[in-house]
Engineer: 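There's a structure below that I have some questions on.
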Amino acid sequence: MRTVPGAQATKDYRCPGCDHEIRPGTPHLVAWPADGTGGVADRRHWHKACWGARSRRRPGRW
Ligand SMILES: [Zn+2]
């Protein structure tokens, strides 16, 4: 996965980490598969805190 700052967002996105909206102008991260085969449609927008928590989450444990 690659990540870039998404501070210049101009529309709402859905954060897959917490399933809440990311409002325009909210600093967040944009992540997508490193191979890039999915294109723009495969990008995911995360809150920074949710992205950090993602790495600590164990499969099957919420
Ligand atoms: Zn979130």
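Quick note: numbers below take in every heavy atom, side chains included, and nothing from hydrogens, waters or symmetry partners. Whatever order the structure lists them in is the order used to number ligands and atoms, beginning at 1.
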Engineer: Under 2.8 Å from the Zn ion (ligand 1), how many protein N/O/S atoms can be counted?
Structural biologist: 4
Engineer: State, with a plain yes or no, whether a side-chain heavy atom of R14 is found less than 4.5 Å away from one of I22.
Structural biologist: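 R14 does not reach I22 side chain to side chain.
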Engineer: Shortest non-hydrogen contact from W46 to G17?
Structural biologist: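 The pair with the smallest heavy-atom distance is CZ3-CA, 3.5 Å.
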Engineer: What distance separates R23 CZ from Y13 OH, expressed to the nearest 0.5 Å?
Structural biologist: 12.5 Å
Engineer: What do you reckon, are the aromatic ring centroids of H28 and H47 less than 6.0 Å apart?
Structural biologist: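 Distance test on ring centres: not under 6.0 Å, no.
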Engineer: Nearest heavy-atom pair of H45 and P16: which atoms, and what distance?
Structural biologist: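 The answer is O-CD, 3.2 Å.
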